[in-house]
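What follows is one structure encoded as structure tokens, with my remarks underneath.
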Amino acid sequence: RRVSFLLRPPGDDQRHRFGVNALAMRSDGSWLFTAGRDGTVRAWDVAQVEPTCVGTFEGHANWINDVFVSVDNRTLVTCSSDTTIKLWNTPSGECRHTLFHHTDYVQAL
């Protein structure tokens with residue numbers, strides 16, 4: 001079992017700590033998802049004049065290499081250098097399933 005910690009300075013929860021590897025947009029164009037090298041996905045409300053971070057998906061122990069949003073916008077799929085693929089409930093941000101069947105980095109969906 002892997003355990004990881006991400007320590008952030010107070011008030012620094014709106015941005016990725018490192019680079020962004022992938023982007024995905026909801027089908028209605030209202031949210032943009034950014035997959036980061038800090039092991040998080042951020043959801044951005046881009047329908048506003050000033051885009052705002054409206055959620056963070058945390059659970060990977062390494063870089064997130066790709067992100068995909070289902071057609072109905074209810075499921076987010078991520079793959080990571082931690083060798084896992086995760087399926088997330090988009091509205092709640094909760095991880096529904098983790099697939100552990102890979103032996104090396106998962107770089108694309």
Side-chain angles (χ1 to χ4, degrees):
R1 183 169 174 120
R2 295 184 182 146
V3 176
S4 67
F5 295 94
L6 183 61
L7 304 175
R8 296 185 185 280
D12 192 26
D13 57 351
Q14 291 284 309
R15 62 186 175 125
H16 288 285
R17 297 288 297 156
F18 305 108
V20 172
N21 287 341
L23 306 170
M25 183 76 78
R26 278 178 47 146
S27 60
D28 63 7
S30 62
W31 283 12
L32 173 70
F33 296 92
T34 56
R37 293 181 181 175
D38 58 1
T40 67
V41 170
R42 305 244 182 231
W44 299 89
D45 182 350
V46 294
Q48 307 301 316
V49 174
E50 183 67 31
T52 353
C53 182
V54 293
T56 302
F57 299 76
E58 298 184 56
H60 282 291
N62 208 324
W63 291 12
I64 299 176
N65 297 313
D66 205 0
V67 60
F68 171 80
V69 184
S70 65
V71 176
D72 67 1
N73 297 318
R74 298 194 55 77
T75 302
L76 189 73
V77 184
T78 57
C79 67
S80 171
S81 292
D82 67 7
T83 73
T84 66
I85 295 173
K86 292 185 179 282
L87 282 74
W88 306 84
N89 179 301
T90 305
S92 71
E94 185 177 325
C95 181
R96 291 194 325 233
H97 300 289
T98 301
L99 307 173
F100 295 99
H101 304 291
H102 299 89
T103 58
D104 204 349
Y105 302 153
V106 184
Q107 295 183 329
L109 295 168

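Numbers here are sequence positions counted from 1.
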Give a yes or no on whether [X] and [Y] share a hydrophobic cluster (residues Ile, Leu, Val, Met, Phe, Trp, Tyr; joining criterion: side-chain heavy atoms under 4.5 Å apart).
| X | Y | value |
| --- | --- | --- |
| Val69 | Phe57 | yes |
| Val77 | Leu23 | no |
| Leu32 | Val20 | yes |

- Side-chain donor-acceptor pair present, Ser27, Asn73, cut-off under 3.5 Å: yes
Without placing hydrogens or testing angles, list every side-chain donor-acceptor pair under 3.5 Å for residues 101-109, not counting sequence neighbours.
none

- Item | Residues in salt bridge (Lys or Arg N to Asp or Glu O under 4.0 Å) contact with Asp28, at least two apart in sequence or another chain | Arg26
- Message: Quick check: do Phe33 and Leu76 have side-chain heavy atoms less than 4.5 Å from each other?
- Response: yes
- Query: Would you say Asn21's side chain and Ala35's backbone share a donor-acceptor pair under 3.5 angstrom?
  - Reply: no
Of all the heavy-atom pairs spanning [X] and [Y], show the shortest one and how long it is.
| X | Y | value |
| --- | --- | --- |
| Val49 | Pro51 | O-CD, 3.6 Å |
| Ser81 | Asn65 | OG-ND2, 3.0 Å |
| Trp88 | Gly93 | CE3-O, 3.5 Å |
| Ala61 | Asp82 | N-OD2, 2.9 Å |
| Ser80 | Asn62 | OG-O, 3.4 Å |
| Arg42 | Cys53 | CD-SG, 3.8 Å |

Nearest 0.5 Å please: distance from the [atom1] atom of [X] over to the [atom2] atom of [Y].
| X | Y | atom1 | atom2 | answer |
| --- | --- | --- | --- | --- |
| Ile64 | Arg37 | CD1 | CZ | 12.5 Å |
| Thr98 | Phe100 | OG1 | CZ | 4.5 Å |
| Trp31 | Thr90 | CH2 | OG1 | 7.5 Å |
| Phe68 | Cys79 | CZ | SG | 12.0 Å |

- Message: Given His60, which partner from the list Thr83, Asp38, Thr78 fulfils the side chain to side chain donor-acceptor pair (under 3.5 Å) test?
- Response: Thr78
- Message: For Arg96, is the CZ atom crowded, meaning more than 12 foreign heavy atoms sit under 6.0 Å from it?
- Response: yes
